[in-house]
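Single-structure report; data block below.
Please read these numbers as outputs of a predicted model, since none were measured by experiment.
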Amino acid sequence: MPDIRVRIAPSPTGPLHIGTARTALFNALYARRHGGTFVLRLEDTDVARNTLAFEQDILDGLHWLGITWDEGPDSAGGGDRGPYAPYRQLQRLERHAAAAADLLARDLAYPCYCTPEEMEADRKAQEADRQPPRYVGRCATLTAADRAAREAEGRRGAVRFRVQPGIVGFDDAVRGRVEFDTSNLGGDFVIVRADGTPLYHFAVVVDDAAMEISHVIRGEDHISNTPKHILLFRALGHAEPVFAHLPLILNADRTKMSKRKTQTAVSDYIAQGFIREALVNYLALLGWSTGTEEEILSFDELAARFDLDHVQKGGAIFDRERLEWINGQWIRRLDDEDLVTRLEPFLEAEHVAGRIDRTPTAEEIRTVLPMIRERLPTLGAVGDLIGFLWIDELAVDPALIVPKRWDAATTAAGLIAAREAIAAVGAVSFESEEIEPPLRELAERRGWKAGDLFMALRVAATGRTATPPLFDTLVALGRERTLARLDAAIAAVGRLAEGGTP
RNA sequence: GCCCCCAUCGUCUAGAGGCCUAGGACGCCACCCUUUCAAGGUGGAGAUCACCGGUUCGAAUCCGGUUGGGGGUACCA
């Protein structure tokens with residue numbers, strides 16, 4: 001059996017797309033599982049839409065996901081590595097041109113001088129006739145003299161590949177036998193533009209052949225292109241690879257995932273605090289399953305189980321809620337040092353955005369880890385969760401401090417008594433085990449429900465009704481700041497009691 | 001229009017003729033735990049396996065058709 005060589009061939013015409021990332025992942029998993037080689041090739045022939053920034057984003061995103069390739073560009077703009085270099089289509093133009101020349105020489109392809117206007121007229125006529133659009137073959141039978149005449153006029157022809165009648169079929173690794181009648185391919189198709197640059201269908205085949213790609217694992221949207229590719233492989237005298245078409249990732253309305261309806265840029269998910277382990281885990285399970293009930297799996301665990309047989313045929317809706325759940329699962333599995341490191345940029349961002357007054361130190365983050373780890377669906381949720389720790393002047397809505405079952409006067413009294421109890425706890429022994437008992441006693445003595453007292457304290461100290469455990473939170477805040485916030489709350493609720501309560 | 005692909009709880013899926021009165025997970029709802037929020041635990045609702053025919057002693061699983069959905073139909077990738 002020949003070596004297994006797979007590839008991902010993104011085009012830098014946009015930021016790394018979730019769908020591209022999943023295709024890359026499936027290829028990487030397949031290569032890893034079978035000891036094959038994973039190649040990254042940049043399809044940068046669409047010069048008008050390519051940018052170096054997008055190239056950077058794609059490479060960075062793939063790296064971030066932990067997807068590594070054995071051959072291909074290492075960095076944006078350069079760094080090709082591997083025996084089949086270059087791995088950028090733009091640098092392979094001579095090879096495409098040579099292949100086209102070869103096809104031309106063997107009359108498997110021919111120059112086409114049709115103008116856009118002619119093409120448009122053809123299309124309209126076909127539409128009016130209710131015929132499927134196809135190239136009419138105007139230039140298919142031009143003689144050498146005809147061509148010479150046009151060239152003499154300075155006209156440059158595009159290159160069209162001759163499509164012969166017949167059936168083209170292939171055994172898709174996920175779908176089984178698929179066959180197409182070549183008469184439905186739309187006639188002879190263009191493989192090289194008039195400006196000499198190759199079209200995707202042509203470049204991809206020339207390069208896959210040259211790079212000895214053995215398995216083409218790609219999205220289902222390429223299924224109808226496959227017969228063209230096969231015809232090209234055959235014309236080039238190269239054995240065709242095994243094709244495996246992955247189900248599409250869908251919007252909630254079951255249409256192909258698109259930017260308009262779903263977030264599609266991997267960088268967006270990174271920015272929101274999804275972690276690589278979760279994204280990889282989730283994406284792997286979108287359209288594939290282990291066949292067992294395992295679901296929280298690392299890249300290595302996925303690779304050990306990956307196979308094309310369990311790839312789903314139907315499209316899969318991208319379910320962000322499930323992604324969040326998996327993300328939470330992975331956040332809980334991270335060790336302290338790791339989590340702190342990953343949290344830092346998000347806290348930094350909170351600071352930059354002005355939502356907190358300073359960026360906490362790694363040590364500060366570490367101490368607070370036990371109380372936030374199980375409450376983070378994403379890293380980005382950290383600011384909302386405990387940002388109040390690093391705000392100097394906390395603005396608290398006095399009305400919010402008053403528990404549902406209490407009035408303002410009771411709340412003021414409760415806060416005053418609680419402040420006293422908390423103040424009695426020394427600075428050195430300001431631990432939750434020291435703070436909790438006296439407050440429970442206080443509630444007991446006054447006939448208050450502990451929960452109500454605690455809620456008043458919680459809101460007074462944090463400004464929110466949902467927080468990590470109260471006493472740990474107060475400890476994290478520190479004795480002085482806790483007392484200061486209580487004083488401010490007592491004053492505010494006191495005013496509320498005088499003003500609004502009978 | 002034409003070609004191709006697909007079809008199991010709302011969602012991701014298990015299921016390769018009898019183990020299925022269809023399993024798991026997310027989400028949802030209860031309850032337990034509990035100072036709030038999470039996490040965790042327990043339980044529940046939720047799928048006439050799109051529909052109709054066939055094959056078979058027996059079909060979610062095989063075959064045909066229908067319907068529905070999706071993708072492709074460029075000198076885009």
> What does A:Glu179 touch in the nucleic acid at a heavy-atom separation under 4.0 angstrom: a base, only the sugar-phosphate, or nothing?
Replying inline: sugar-phosphate
> Distance-only, no hydrogens or angles: does the A:His215 side chain make a donor-acceptor pair with backbone N or O of A:Ile217 under 3.5 Å?
Replying inline: no
> Counting any heavy atom closer than 4.0 Å, what does A:Asn225 reach on the DNA or RNA strands: base, sugar-phosphate only, or nothing?
Replying inline: base
> OP1, OP2 of B:rC4 versus side-chain N and O of A:Thr226: anything below 4.0 Å?
Replying inline: no
> Atom NE2 of A:His229 and atom P of B:rG72: how far apart are they, to the nearest Å?
Replying inline: 13 Å
> Does A:Asp57 use its side chain to pair, donor to acceptor, with the backbone of A:Ala53 at less than 3.5 Å?
Replying inline: no
>> One character per nucleotide, please: for nucleotides 9-24 of chain B, 5' to 3', B when the base has a protein heavy atom closer than 4.0 Å, S when only the sugar-phosphate does, - otherwise.
In response: --SSSSS-------SS
> With distance as the sole test, does A:Glu436 use its side chain to make a donor-acceptor pair with the main-chain N or O of A:Glu433 at under 3.5 Å?
Replying inline: no
> Looking at A:Arg320 and A:Glu324, does any basic side-chain N land under 4.0 Å from a carboxylate oxygen?
Replying inline: yes
> With no hydrogens and no angle check, is any side-chain donor or acceptor of A:Thr182 less than 3.5 Å from a backbone partner on A:Gly166?
Replying inline: yes
>> Side chain of A:Glu321 only, heavy atoms from C-beta on: which candidate in B:rC76, B:rA74, B:rC26 is closest?
In response: B:rC26
> With nearest nucleotides of RNA chain B determined for A:Gln131 and A:Val178 from heavy-atom distances, which residue corresponds to the more 5′ nucleotide?
Replying inline: A:Gln131
> Roughly, in whole Å, what's the span from NE2 in A:His201 to P in B:rA74?
Replying inline: 9 Å
> Taking the side chain of A:Asp221 as its heavy atoms from C-beta onward, which of B:rC75, B:rA77, B:rG71 lies nearest to it?
Replying inline: B:rG71
> Got a sec: does the CZ of A:Arg177 have more than 12 other heavy atoms crowding it under 6.0 Å?
Replying inline: yes
> How long is the line joining CE of A:Met257 and P of B:rG69, in whole Å?
Replying inline: 22 Å
>> Tell me whether A:Trp288 contacts the main-chain N or O of A:Leu283 through its side chain, where contact means a donor paired with an acceptor under 3.5 Å.
In response: no
> Hey, do the aromatic rings of A:Tyr200 and A:His222 have their centres closer than 6.0 Å?
Replying inline: yes
> Say you pick atom P in B:rC29 and the same atom in B:rA38; how far apart are they, in whole Å?
Replying inline: 10 Å
>> What's the gap between B:rA59 and B:rG64 when it is taken at their C1' atoms, as a whole Å value?
In response: 15 Å
> Using purine N1 to pyrimidine N3 plus N6-O4 or O6-N4 for Watson-Crick, or N1-O2 and O6-N3 for G-U wobble, each under 3.5 Å, what pairs with B:rC2?
Replying inline: B:rG72
> Counting only Watson-Crick or G-U wobble pairs whose two distances fall under 3.5 Å, which nucleotide matches B:rA60?
Replying inline: none
>> At 4.0 Å (heavy atoms only), tell me whether A:His245 reaches a base, stays on the sugar-phosphate, or touches nothing.
In response: nothing
> Say you pick atom C1' in B:rC49 and the same atom in B:rU8; how far apart are they, in whole Å?
Replying inline: 4 Å
> With both distances kept under 3.5 Å, what pairs with B:rA7, Watson-Crick or G-U wobble?
Replying inline: B:rU67
>> Between P on B:rU73 and CG on A:Asp181, what's the gap in Å once rounded to a whole number?
In response: 18 Å
> Rounding to a whole Å, what distance do you find between A:Gln89:CD and B:rC76:P?
Replying inline: 14 Å
> Does atom CD of A:Glu420 have more than 12 heavy-atom neighbours, drawn from other residues, nucleotides or ligands, at distances under 6.0 Å?
Replying inline: no
>> Taking atom CD as the centre, does A:Glu153 end up with more than 12 heavy-atom neighbours from other residues, nucleotides or ligands that are less than 6.0 angstrom away?
In response: yes
>> Without decimals, in angstroms, what is the distance between A:Lys256 NZ and B:rC5 P?
In response: 18 Å
> What residue among A:Asn27, A:Thr20, A:Thr226 forms side chain to side chain donor-acceptor pair (under 3.5 Å) with A:Arg218?
Replying inline: A:Thr226
> How would nucleotides 59-67 of chain B be written as a contact map, 5' to 3', with B for base contact, S for sugar-phosphate-only contact and - for no contact, using protein heavy atoms under 4.0 Å?
Replying inline: ---------
> Using the C1' atom in both, what is the distance from B:rG71 to B:rC32, to the nearest Å?
Replying inline: 49 Å
>> Is there a side-chain contact between A:Arg7 and A:Asp207 in this structure, where contact means two heavy atoms from C-beta onward sitting under 4.5 Å apart?
In response: no
> Starting at CZ of A:Phe180 and ending at C1' of B:rC3, how long is that distance when rounded to a whole Å?
Replying inline: 7 Å
>> Going by purine N1 to pyrimidine N3 plus the second Watson-Crick contact, or the G-U wobble pair, all under 3.5 Å, which nucleotide sits opposite B:rA30?
In response: B:rU42
>> Please report the distance separating the P of B:rG17 from the corresponding atom of B:rG10, rounded so that it comes out in whole Å.
In response: 27 Å
>> Would you measure the distance from the C1' atom in B:rC12 across to the matching atom in B:rC28 and give it in whole Å?
In response: 16 Å
> If you find the nucleotide of RNA chain B closest to A:Pro10 and the one closest to A:Gly186, which residue's nucleotide is nearer the 5' end?
Replying inline: A:Gly186
> Just how far, in rounded Å, is C1' of B:rC75 from NZ of A:Lys228?
Replying inline: 12 Å
> Does the gap between the ring centers of A:Tyr282 and A:Phe318 come in under 6.0 Å?
Replying inline: yes
> If the sugar-phosphate is the primed atoms plus P, OP1 and OP2 and the base is the rest, what is the B/S/- string for nucleotides 32-39 of chain B, using protein heavy atoms under 4.0 Å?
Replying inline: ---BBBBS
>> Could you tell me how far B:rU73 sits from B:rA14 if I compare only their P atoms? Round to whole Å.
In response: 29 Å
> Is there a donor in the side chain of A:Thr467 and an acceptor in the side chain of A:Arg458, or the other way round, less than 3.5 Å apart?
Replying inline: yes
> Mind checking the C1' distance from B:rA60 to B:rC9? Whole angstroms is fine.
Replying inline: 14 Å
